[in-house]
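Below is one structure, written out as structure tokens; comments come after it.
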Amino acid sequence: MKTSATLLMAMSALVAAEPMSVLRQKKLDLWSAQSEAGVFDINRYAAQAATSCVNGKAGEYQCKNVDLVSFLRHQDMGSSTRRGNDVWGWTHAASGREFGAVGQTDGTAFVEIKADGSLVYLGRLPTQTTSSSWRDMKVIGNHVYIGAESSNHGLQVFDLTKLLTITTPRTFSITSDLKARFTGFGNSHNIVAHEEKNMIYAVGTGTAAGCRGGLFMVNVTNPAAPTSAGCLSAGGYVHDAQCVVYKGPDTRYTNKEICFNFNEDTLDIVDVTNKRSPVTLSSTGYTGASYTHQGWLADAGMRYLLLDDELDEQNKKGPAANQKTTTYIVDISSLTAPKFTGTYQSPATAIDHNQYVHNGLSYQANYGSGLRIVDVRSVTTDPTGKSFKEVGFFDCYPEDDSVGGRAEFTGTWSVYPYFKSGHILLNSIERGIFVLKYTGA
């Protein structure tokens, strides 16, 4: 049950925040205008060679402590729409070979990242039904699970070991090359993976799924036969989430399966241990809430969480009124009473989109300002964010450099920073897939 203070904060956020329908239309209008202006035309962008970051530039791209290792355009990866979205990675355990699943509006492209960081295009899995600006994928074990906002798309399950013997790029069949296709839901906005428990959570599903856009739970212990495990509809639409086996300071929930849900206007924390009867532990709003988008645990001790809001910069709300990319810091030492403790602001003007924390660094894909790498290790001693420090960046959208950046939905969509090699995948909406390397300490 919510405390009165939490309820008031959530109500305040609800008034200020906008629904997914508004956010979606803002993006579609912009991307339609880009398309008419030729932004996604074939050969619009040149191929890029490996370029070190020297004196703040790697070719046409502004940078700091991040080298451009390799690049493939969307057209080089078989896309006819030439527009990108999500990205995720896979490492073959036995060989250590590294691969990327690159989201595009018309399907998913597969690439291998060689030891020297060069990219090899292997093939693609087309969309299951129609093209969509929103396609999301996550990996558990040797399989990638792909959802999209396309009507009746469902969940594509693809065995990534098929990539190990590819010598000539091929287009995979959406029937015979799938390990399975789960049709318990049609469209989805995001795919969340809890690897440790072999669980996929589809979020932002359509009304026909009967889950109000909340956590639609799919057990993928057997990838060939995914099964519906439960649904969390009580909190309404979930945009994204991170789910863990909890090992944090709130000992009431030790070893419980906990999901941190980003619910458009609140951070919701949910115990999903019992899939048929999930329990919402808290629902917390915050000053400046415009569209609670995504976030990630900030420290190994699970005491703090980072949260990004996708519309506060554009709407000039709360701490983001100056349109500098704003990251909110949350003390989650009590899962039933989280507290917002501070913010970190990027020196760049841009909208934040997706961030992932690895070894004390937050790798942020911030639309027009590209990849931003922020040292967040100080969060355990100074949760105000004042000690956070940007240690590297790679701006993959030079079109707005002359005006110091814009709070628009252009540039990068997402980042994958977990390869043992240190190679980083950054997917651009307009250009293609970048392999980057952080050269800082």
Grab the two heavy atoms, one from Arg372 and one from Glu390, that are nearest each other, plus how far apart they are. CD-OE1, 2.9 Å
Kindly write out the residues that satisfy side-chain contact (heavy atoms from CB on, under 4.5 Å) with Ser35, not counting sequence neighbours, or none if the list is empty. Phe40
Salt bridge Lys138-Asp86, side-chain N to carboxylate O under 4.0 Å: yes
For Phe419, ring pair (Phe, Tyr, Trp, His ring centres under 6.0 Å) partners two or more places apart: Tyr416
Closest non-hydrogen atoms of Val220 and Ile140, given as atom of the first, atom of the second and distance, are CG2-CD1, 3.9 Å
Could you name each residue pair satisfying side chain to side chain donor-acceptor pair (under 3.5 Å) that touches residues 200-220, not counting sequence neighbours? Asn219-Thr221
Pairing residues for Cys243 by the disulfide (SG to SG under 2.5 Å) criterion, not counting sequence neighbours: Cys259
For Tyr328 and Tyr286, what are the C-alpha separation, side-chain angles and deciding distance, and is it a ring-ring contact (aromatic ring centres under 6.0 Å, His included)? CA-CA 9 Å; Tyr328 297 82; Tyr286 55 97; 4.9 Å; yes
Assign the ring pair His293 / His239 to parallel, tilted or perpendicular, where the plane angle (0 to 90°) is split at 30° and 60°. tilted
Those residues at least two apart in sequence (or on a different chain) that pass ring pair (Phe, Tyr, Trp, His ring centres under 6.0 Å) with Phe182 are Phe185
With sequence neighbours excluded, give me every disulfide (SG to SG under 2.5 Å) pair touching residues 89-120. none
For the residue pair Tyr356 and Trp296, does the interplanar ring angle fall in the parallel (under 30°), tilted (30 to 60°) or perpendicular (over 60°) class? perpendicular
Checking the side chain of Gln34 only, and the main-chain atoms of Val39 only, is there a donor and an acceptor separated by less than 3.5 Å? no
Less than 6.0 angstrom from the centroid, inside 45 degrees of the normal: does Lys27 satisfy that with respect to the ring of Phe409? yes
What pairs with Thr167 under side-chain contact (heavy atoms from CB on, under 4.5 Å), at least two apart in sequence or on another chain? none
Sequence neighbours excluded, every pair satisfying side chain to side chain donor-acceptor pair (under 3.5 Å) that has a member inside residues 393-411: Glu399-Arg431
Out of curiosity, Ile200 CD1 to Asn198 CG, how far, rounded to the nearest 0.5 Å? 9.0 Å
Look at the side chain of Thr412 and the backbone N and O of Asn427, then say whether any donor-acceptor pair between them is shorter than 3.5 Å. yes
So, the side chain of Tyr438 versus the backbone of Val66: is there a donor-acceptor pair under 3.5 Å, distance only? no
side-chain contact (heavy atoms from CB on, under 4.5 Å) with Pro278: which residues, sequence neighbours excluded? Met217, Leu232, Val270, Val272
If you look only at pairs with a residue in residues 28-97, which of them pass as a disulfide (SG to SG under 2.5 Å), with sequence neighbours excluded? Cys53-Cys63
Counterpart residues, side-chain contact (heavy atoms from CB on, under 4.5 Å), relative to Lys114 (two or more places apart): Glu112, Asp116, Ser118, Val120
Residues in side chain to side chain donor-acceptor pair (under 3.5 Å) contact with Thr129, at least two apart in sequence or another chain: none
